[in-house]
Amino acid sequence: MIKEYLTISDVAGPLIIVEKTIDVKYQELVEIELSSGEIRRGQVLEITEDKAVVQVFEGTRGVDVSNTKARFLGKVIELPLSLDVLGRIFDGSGRPIDDGPQIIAEKKLDINGNPLNPYARDYPNNFIQTGISSIDVLNTLVRGQKLPIFSGSGLPHAKLASQIARQSKILGKEEKFAVVFAAMGITFEEANFFISDFRRTGAIEKSVMFVNLANNPAVERLITPRMALTCAEYLAFEKDMHVLVILTDMTNYCEALREVSAARKEVPGRRGYPGYLYTDLATLYERAGRIKGEKGSITMIPILTMPEDDKTHPIPDLTGYITEGQIILSRELHHKGIYPPINVLPSLSRLKDKGIGLNKTREDHANVMNQLFASYARGKEAKELAVILGEAALTEIDKKYVKISDNFEEVFVKQGEDENRTIEESLDIGWKLLTILPKEELKRIKDEFIEKYLPTDIAMEDKNINVVKD
């Protein structure tokens, strides 16, 4: 039953207060009709006995308290869905912005989703190939995982997100795969980059995009990721597709949450963010995963820019608690001209061991991963020692580790924006790097794998790889 009120008493930021309400429900959809006849949408955020707080998605500019009507529609926000959403671009509120027709709904779903029974979850254990060596080999993405990318202002996380979106695929048998991409608070230039890149590479055909621009109302950012995840749930659990969800930038989402919290005069938590920031982020991140008995899955890569590159900031800190690892971009590598500038030492995929090995990637994957990581770490330590004591203090074996460290960044981590490496190619590059070390230093690799995979020639120059032992 639709109820209409002319009892708006106050406007506070993106919120309006409606007095003398009856039987209004939490998260109920509201239409706000301005004196000019313009219709805006909102959602009930808080209810008292006879008062409702409504957040207005298009903002409250121009709202005349005495002549504005609030119409409570008796339903929650729903997203119309069908397979026609593939290849389409929507704004942050789910309205088409690509000059295409409206979606003829096969189903309408509540954007807030339903809580997933933890007992119904299936364990993530299938490899997703992104074509990026430092992710595939060392920080493996597994189907159903939540693996965030921690970036910083000015780092190329947009290029990396676009590359992952267009290159990601499930290995083995042919399976239906889709990408749901949600951008929050990005500039027009960034939005144009994503859209043109997806169209240029053909990735748009298997993708759904939700775009909230920086000049769009901040409150709209709160529903954009929920729109995207609702679409992903439909494709995964109704249409049996494997869906990769990329959310960028979660920092902008949290800033919008802080703005609404301040307008509600809530007691602030760390750095002014609301005390329920952890819970709110969990309601988004925990919508990813696999369900027992369902063919489809949702894998999530949230991207967030750390203010002042601070990993202890509330947003990356809380995100790290909820998700299964993190990929950290390095400003130092970026300044060296290395793309993607993934710092593999502090990066971590907690589920990588579940998605690698025989019949998933290759039998030698775990051994190569451990040896490369250990060798790179030792090389970095030797370089730091050389800075303090001079190169003369390094032993011959230390110098080889320094060499493997430099080659690792230039040959293994560094690759082109359109370079899509298979997992076999990435592992082979790793083996070629390991030829720099004597065999007796390969302590983390089984002898049988050394005999089978270690190249016997010393100078490798195929595929633009040039690793020189001495």
Side-chain angles (χ1 to χ4, degrees), residues 13-16 25-32 39-46 52-60 70-81 85 88-97 102-103 105 107-115 180-186 191 208-235 245-264 273-274 276-277 279-288 298 300 302-304 315:
L15 309 179
I16 62 172
K25 295 178 176 60
Y26 177 63
Q27 292 186 337
E28 185 173 343
L29 192 58
V30 185
E31 281 186 356
I32 296 92
I39 302 291
R40 297 181 186 176
R41 298 189 305 163
Q43 184 181 29
V44 176
L45 202 61
E46 188 178 322
V53 179
V54 178
Q55 63 178 12
V56 185
F57 300 134
E58 290 88 355
T60 55
R71 201 173 293 123
F72 293 81
L73 304 182
K75 60 181 182 180
V76 296
I77 302 175
E78 294 178 326
L79 181 65
L81 291 161
V85 296
R88 298 296 304 276
I89 304 170
F90 303 90
D91 68 6
S93 297
R95 293 171 293 210
I97 55 172
Q102 292 289 332
I103 299 298
K107 200 165 191 176
K108 289 187 176 182
L109 295 177
D110 177 1
I111 67 164
N112 296 294
N114 293 314
V180 176
F181 187 92
M184 293 155 280
I186 63 172
V208 187
M209 298 184 73
F210 293 85
V211 180
N212 168 268
L213 297 175
N215 63 342
N216 292 145
V219 177
E220 187 180 84
R221 272 160 227 162
L222 300 182
I223 62 172
T224 302
R226 291 175 169 82
M227 290 277 176
L229 287 163
T230 302
C231 178
E233 287 169 347
Y234 169 78
L235 295 174
V245 178
I246 298 177
L247 305 175
T248 182
D249 178 345
M250 289 305 297
T251 300
N252 293 334
Y253 169 85
C254 294
E255 295 291 343
L257 196 67
R258 180 165 65 175
E259 182 179 327
V260 171
S261 175
R264 293 171 68 180
Y273 292 96
Y276 51 81
L277 178 62
T279 307
D280 193 275
L281 288 173
T283 62
L284 298 178
Y285 296 148
E286 292 297 345
R287 291 174 73 172
I298 299 177
M300 184 187 295
I303 298 173
L304 54 94
I315 303 171

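Heavy atoms only: backbone and side chains are in, while hydrogens, waters and symmetry mates are out. Residue numbers count from 1 along this sequence.
Among all heavy-atom pairs drawn from Gly113 and Glu233, the shortest one is CA-OE1, 4.3 Å. Heavy atoms only, all atoms of each residue included: Gly92 and Ile223 are closest at O-CG1, 3.8 Å. Pro217 and Asn212 make their closest contact through O-ND2, 3.8 Å (heavy atoms, listed as atom of the first residue, atom of the second, distance). Of all heavy-atom pairs spanning Lys25 and Glu28, the tightest one is N-OE1, 2.9 Å. Closest approach of Val245 and Ala232 over heavy atoms only: CG2-CB, 3.5 Å. Contact record, Ala191 with Val211: CB-CG1, 3.9 Å, taken as the closest heavy-atom pair.
Using a 4.5 Å cut-off on side-chain heavy atoms (C-beta onward), Ile303 and Leu247 make no contact. The closest side-chain heavy-atom distance from Leu235 to Val180 is below 4.5 Å. The closest side-chain heavy-atom distance from Pro302 to Met250 is below 4.5 Å. Taking the side chain as every heavy atom from C-beta outward, Arg41 and Ile32 never approach each other to under 4.5 Å. Between Cys231 and Val85, the closest side-chain pair of non-hydrogen atoms falls below 4.5 Å.
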**Asked** How far apart are the C-alpha atoms of Ser261 and Tyr273, what are their side-chain angles, what is the distance that settles it, and do they pass the side chain to side chain contact (heavy atoms under 4.5 Å, CB included) test?
**Response** CA-CA 8 Å; Ser261 175; Tyr273 292 96; over 6 Å; no
**Request:** Check the pair Leu45 / Leu15 against side chain to side chain contact (heavy atoms under 4.5 Å, CB included), numbers first and verdict last.
**Result:** CA-CA 9 Å; Leu45 202 61; Leu15 309 179; 3.9 Å; yes
**Request:** Begin with the C-alpha distance, continue with both residues' side-chain angles, and end with the deciding distance and a verdict on side chain to side chain contact (heavy atoms under 4.5 Å, CB included) for Thr224 and Tyr253.
**Result:** CA-CA 9 Å; Thr224 302; Tyr253 169 85; over 6 Å; no
**Asked** Yes or no on side chain to side chain contact (heavy atoms under 4.5 Å, CB included) for Val56 and Gln43, after CA distance, side-chain angles and deciding distance?
**Response** CA-CA 7 Å; Val56 185; Gln43 184 181 29; over 6 Å; no
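Atom CG of residue Leu81 and atom CD1 of residue Ile103 lie 8.5 Å apart, to the nearest 0.5 angstrom. Atom CE of residue Met184 and atom CG of residue Leu222 lie 10.0 Å apart, to the nearest 0.5 angstrom. Within the model, atoms CG of Leu281 and CD1 of Ile315 stand 8.0 Å from one another, a figure rounded to the nearest 0.5 Å. Between atom OH of residue Tyr234 and atom NZ of residue Lys108 there is a gap of 13.5 Å, rounded to the nearest 0.5 Å. Note that CG of Asp110 and CG of Leu79 are 10.5 Å apart. Values are rounded to the nearest 0.5 Å. Taking CE from Met209 and CZ from Phe181, the interatomic distance works out to 5.5 Å, rounded to the nearest 0.5 Å.
With sequence neighbours excluded, the residues forming a salt bridge (charged side-chain N to carboxylate O under 4.0 Å, His left out) with Glu31 are Arg71, listed by chain and number. Residues passing the ring pair (Phe, Tyr, Trp, His ring centres under 6.0 Å) test with Phe90, sequence neighbours excluded: Phe210. For Arg221, the salt bridge (charged side-chain N to carboxylate O under 4.0 Å, His left out) test picks out no residue, with sequence neighbours left out.
Side-chain contact of Arg40 with Thr60: a donor-acceptor pair under 3.5 Å is absent, judged by distance alone. Thr251 and Asp249 share a donor-acceptor pair across their side chains, judged by distance under 3.5 Å alone. In this structure, a donor-acceptor pair under 3.5 Å is absent between the side chains of Glu46 and Tyr26.
In summary, Arg95 and Glu58 engage in a salt bridge, as defined by a charged side-chain N under 4.0 Å from a carboxylate O. Using a 4.0 Å cut-off between a side-chain N of Lys or Arg and a carboxylate O of Asp or Glu, Arg226 and Asp280 qualify as a salt bridge.
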